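Working notes, structure below.
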Amino acid sequence: MNAIQVIRAVAGSLLSLALSLQVYAAELSLPRDGWASWQVPAVDDAPAWCCFSNWNSRNVTNQPCKLERKDGNFGGRDGETTNSVRVYARVVRGKIDRLRALSATCPVQTDTEIQDLGAVPVDDSARWLAALVKERDTVKRHRVADDALAALATHRGNVAQDALVDIARHEARDDNRKQAVFWLAHLRRREGAEIATSIMFDDPDADIREHTAFA
């Protein structure tokens, strides 16, 4: 390991420590069971994720996202963007079971009432999501981590950006690293793309380098 690699490793460790310390200040007042939601400002050009009647018709219309369902025409279309995002989290016996980030104007349906936490500070929400990605004790860990990374990528500010970079470079799980790299490249504008490019050339893991080239 050369001097530059040593410096990068130390810097990465310090960033991970700083983020882990910040996470504990970002506890959200979630119910023990049921849905909760909150709104945050979105990164520039964040896609207006919502649900649609279909993808093929010229008369596509928005329709409520049924949050309990896994299927449905969910995504963004026609380059539509949003300046604010609403995060929805379902808690089962104190553990996060499902999570989704949508445009703040996207209508939703659930089988139970949603507790509205209002406008949560964007940095607190980002820290909470970053901690959730690394959480080992969620009910459905892999799916929740993927959705948490997508939500994190839409959050405005340096805390969200730094958390994505930390996960992309240092997270133990390769699937989390790959998702973080993907979202850096797609939603974090030029800076995110430059970080992803550096990972593509410098990361010691060939599989990560290949995935980053795809992203």
Side-chain angles (χ1 to χ4, degrees), residues 18-52 62-70 72 74-76 80-135 137-141 143-164 166-167 179-180 183 187-189 192:
L19 288 170
S20 65
L21 292 174
Q22 289 177 328
V23 158
Y24 292 102
E27 295 295 332
L28 303 184
S29 299
L30 300 176
R32 179 168 175 77
D33 288 284
W35 285 97
S37 74
W38 60 95
Q39 189 165 317
V40 297
V43 70
D44 290 341
D45 299 324
W49 286 334
C50 196
C51 296
F52 307 96
N62 281 26
Q63 64 181 13
C65 283
K66 298 178 180 179
L67 297 183
E68 272 88 9
R69 294 178 56 182
K70 296 181 181 179
F74 160 71
E80 292 181 2
T81 61
T82 183
N83 59 13
S84 57
V85 171
R86 181 161 285 274
V87 181
Y88 297 89
R90 185 174 68 181
V91 188
V92 176
R93 294 186 294 277
K95 302 297 180 184
I96 302 300
D97 168 72
R98 183 176 287 272
L99 190 134
R100 179 69 62 85
L102 299 168
S103 169
T105 59
C106 179
V108 301
Q109 289 181 353
T110 60
D111 295 337
T112 57
E113 183 179 356
I114 301 174
Q115 178 180 322
D116 187 359
L117 304 186
V120 169
V122 65
D123 288 349
D124 284 355
S125 180
R127 293 182 186 109
W128 182 86
L129 288 166
L132 187 62
V133 171
K134 299 181 179 182
E135 175 62 61
D137 197 23
T138 52
V139 177
K140 299 175 181 177
R141 200 217 63 79
R143 175 63 182 270
V144 169
D146 285 353
D147 290 338
L149 280 164
L152 183 62
T154 67
H155 280 45
R156 182 180 295 274
N158 290 334
V159 170
Q161 177 98 342
D162 290 346
L164 283 170
D166 176 58
I167 294 165
Q179 288 294 318
W183 291 118
L187 291 189
R188 304 306 294 196
R189 301 174 68 85

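Note that these values count all heavy atoms, side chains included, but never hydrogens, waters or copies made by symmetry. These numbers were taken from a predicted model, which means no experiment stands behind them.
Here the straight-line distance linking atom CD of Gln179 with atom CG of Asp147 works out to 9.0 Å at 0.5 Å rounding. In this structure, OG1 on Thr154 lies 6.0 Å from CH2 on Trp49, to the nearest 0.5 angstrom. In this structure, CG on Leu67 lies 6.5 Å from OH on Tyr88, to the nearest 0.5 angstrom. The distance from atom SG of Cys51 to atom CD of Gln109, rounded to the nearest 0.5 Å, is 10.0 Å. With rounding to the nearest 0.5 Å, the separation of CD1 in Ile114 from CZ in Arg90 is 11.5 Å.
Residue pairs meeting the salt bridge (Lys or Arg N to Asp or Glu O under 4.0 Å) criterion with at least one partner in residues 103-122, sequence neighbours excluded, are Arg86-Asp116. The salt bridge (Lys or Arg N to Asp or Glu O under 4.0 Å) contacts involving residues 35-52 comprise Asp44-Arg156, Asp45-Arg189, where partners must be two or more places apart or lie in separate chains.
Considering only heavy atoms from C-beta on, Pro107 comes within 4.5 Å of Cys50 through its side chain. Looking only at side-chain heavy atoms (C-beta outward), Arg188 and Leu164 come within less than 4.5 Å of each other. Here the side chains of Thr105 and Thr82 are not in contact, with every heavy-atom distance at 4.5 Å or above. Taking the side chain as every heavy atom from C-beta outward, Arg98 and Thr110 never approach each other to under 4.5 Å.
When atom types are taken as modelled, the side chain of Asp97 and the backbone of Val91 share no donor-acceptor pair closer than 3.5 angstrom.
Minimum interatomic distance between Ala36 and Pro31 (heavy atoms only, all atoms of both residues): CB-CD, 3.7 Å. Val85 and Ala101 make their closest contact through CG1-CB, 3.9 Å (heavy atoms, listed as atom of the first residue, atom of the second, distance). Taking every heavy atom of both residues into account, Val122 and His155 meet most closely at O-CD2, 3.7 Å. Taking all atoms of both residues into account, the shortest heavy-atom contact from Arg93 to Asp33 is N-OD1, 2.6 Å. The heavy-atom pair separating Val43 from Leu187 by the smallest distance is CG1-O, 3.9 Å. Closest approach of Leu152 to Ala163, counting heavy atoms only: CD2-CB, 3.9 Å.
Cysteines Cys65 and Cys106 keep their SG atoms at least 2.5 Å away from one another.
Between Arg143 and Asp146, none of the side-chain N atoms (NZ, or NE/NH1/NH2) sits under 4.0 Å from a carboxylate O, so this pair counts as no salt bridge.
Taking the side chain to side chain contact (heavy atoms under 4.5 Å, CB included) definition, one finds that Ala89 meets it with Trp38, Ile96, Leu99, Trp128, sequence neighbours left out.
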